[in-house]
K.L.:
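Pasting a structure below so you can have a look.
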Amino acid sequence: HWRLPDHLANEFLPKMKKVNGWKGYSIFVNNKRVNIKDVSLNDDFYIIQKHGPFNALGRFRFVFPQMYYGIYIHDTFNKKLFKKKVRKFSSGCIRMENADLLTKYLLGINSEKLKELTKLKINHSIVLDNPITVYIVDWKI
């Protein structure tokens, strides 16, 4: 699951209210889950999207220890986005087309072991024994 950044939560709430909420999303005020009808943009709220097949972050998320302003590399369930020429679909994070390959590489596992891990349908937070350096470069083409 993931907590939407405040700017996204503020953008999504009015859209969600029009359709009485989105499947897989929960809204919290004072750390208590509330009905979408009972929250407004004036409230101190946050939105969580649970894990699952339609999670915007896909099955894999790569978090950096320094949490570079909440930016991380993530998978996506919407693979067709990679066929588009312009790819400005994420809000600051980096979508990765083959996150499963990076996962296998970082963990030193094969496809079968990865299938075993993902079949469990639970979240895994794995700290690498041998951390790697991540460079983020934004080239204007």
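On a predicted model such as this, the values are computed, not experimentally measured, just so you know.
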K.L.:
Please indicate whether N30 has more than 12 foreign heavy atoms, meaning atoms of other residues, nucleotides or ligands, lying under 6.0 Å from its CG.
P.N.:
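No, the 6.0 Å shell around CG holds no more than 12 heavy atoms from other groups.
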
K.L.:
In Å and rounded to the nearest 0.5 Å, what is the OG1 to CD1 distance from T76 to I94?
P.N.:
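Here the rounded value is 14.0 Å.
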
K.L.:
Please check if V63 and V127 belong to a single hydrophobic cluster, counting links between Ile, Leu, Val, Met, Phe, Trp and Tyr side chain heavy atoms closer than 4.5 Å.
P.N.:
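Unlinked, V63 and V127 end up in two clusters.
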
K.L.:
Closer than 3.5 angstrom, by distance alone: can the side chain of D43 be matched with the main-chain N or O of F45 as a donor-acceptor pair?
P.N.:
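Not a single qualifying donor-acceptor pair exists.
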
K.L.:
How far apart are the C-alpha atoms of L102 and M96, what are their side-chain angles, what is the distance that settles it, and do they pass the side-chain contact (heavy atoms from CB on, under 4.5 Å) test?
P.N.:
CA-CA 9 Å; L102 181 59; M96 182 175 190; 3.5 Å; yes

K.L.:
Would you mind reporting whether K15 and W22 have side-chain heavy atoms less than 4.5 Å apart?
P.N.:
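A side-chain contact under 4.5 Å exists here.
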
K.L.:
Is Q49 reaching over with its side chain to a backbone N or O of A56, donor-acceptor style, under 3.5 angstrom?
P.N.:
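Yes: the side chain of Q49 pairs with the backbone of A56.
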
K.L.:
Report yes if the side chains of I27 and L13 come closer than 4.5 Å at any heavy-atom pair, otherwise no.
P.N.:
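Side chain of I27 against side chain of L13, heavy atoms only: contact under 4.5 Å found.
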
K.L.:
Mark yes or no for whether N98, through its side chain, and D100, through its backbone, hold a donor-acceptor pair below 3.5 Å.
P.N.:
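Side chain of N98 to backbone of D100, a donor-acceptor pair under 3.5 Å: no, none is there.
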
K.L.:
If Ile, Leu, Val, Met, Phe, Trp and Tyr residues are connected whenever their side-chain heavy atoms lie under 4.5 Å apart, and connections chain through other members, are L57 and L101 in the same group?
P.N.:
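No.
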
K.L.:
In terms of hydrophobic clustering (I, L, V, M, F, W, Y; side-chain heavy atoms under 4.5 Å; direct or indirect links), are I132 and I109 co-clustered?
P.N.:
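I132 and I109: one cluster.
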
K.L.:
Are the side chain of N10 and the backbone of D6 linked by a donor-acceptor contact shorter than 3.5 Å?
P.N.:
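The answer is yes, because a donor-acceptor pair under 3.5 Å joins these two groups.
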
K.L.:
Can you name the nearest heavy-atom pair linking L41 to P14, along with the distance?
P.N.:
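Here L41 and P14 meet closest at CD1-CG, 4.1 Å.
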
K.L.:
Using the side-chain hydrogen bond (donor to acceptor under 3.5 Å, both in side chains) rule, take S111 and K104 through it: C-alpha gap first, then chi angles, then the decisive distance, then the call.
P.N.:
CA-CA 7 Å; S111 296; K104 290 190 297 187; 2.8 Å; yes

K.L.:
Using only atom types and a distance under 3.5 Å, with no angle test, would you say the side chain of K17 pairs donor to acceptor with the backbone of I36?
P.N.:
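Yes: the side chain of K17 pairs with the backbone of I36.
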
K.L.:
With side chains defined as the heavy atoms from C-beta onward, is the minimum distance between K79 and E97 less than 4.5 Å?
P.N.:
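No - every pair of side-chain heavy atoms lies 4.5 Å or more apart.
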
K.L.:
Parallel, tilted or perpendicular: which one describes the rings of F62 and F60, with boundaries at 30° and 60°?
P.N.:
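F62 and F60: parallel rings.
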
K.L.:
Just so I know, are the side chains of L107 and L128 near enough to count as touching, which here means a heavy-atom distance under 4.5 Å?
P.N.:
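Sidechains of L128 and L107: in contact.
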
K.L.:
Please determine whether the number of non-hydrogen atoms from other residues, nucleotides or ligands lying under 6.0 Å from atom CG of D44 exceeds 12.
P.N.:
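Counting neighbours around CG of D44, 12 or fewer heavy atoms of other residues, nucleotides or ligands fall under 6.0 Å, so no.
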
K.L.:
Are more than 12 heavy atoms from other residues, nucleotides or ligands located less than 6.0 Å from atom NZ of K113?
P.N.:
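No - once you tally the heavy atoms of other residues, nucleotides and ligands closer than 6.0 Å, there are 12 at most.
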
K.L.:
With a 3.5 Å distance limit and no angle check, can you tell me whether D75 reaches the backbone of A99 through a side-chain donor-acceptor pair?
P.N.:
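Not at all, since once roles are kept as given, no pair shorter than 3.5 Å links the two residues.
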
K.L.:
Parallel, tilted or perpendicular: which fits the ring planes of F28 and Y46, with parallel below 30° and perpendicular above 60°?
P.N.:
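Correct class here is parallel.
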
K.L.:
For R61 versus H1, what's the shortest heavy-atom pair and its separation?
P.N.:
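Taking every non-hydrogen atom into account, NH2-O, 3.9 Å.
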
K.L.:
Whether the side chain of N55 engages the backbone of K50 through a donor-acceptor N/O pair (distance < 3.5 Å, no angle test) should be reported.
P.N.:
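At least one qualifying donor-acceptor pair exists.
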
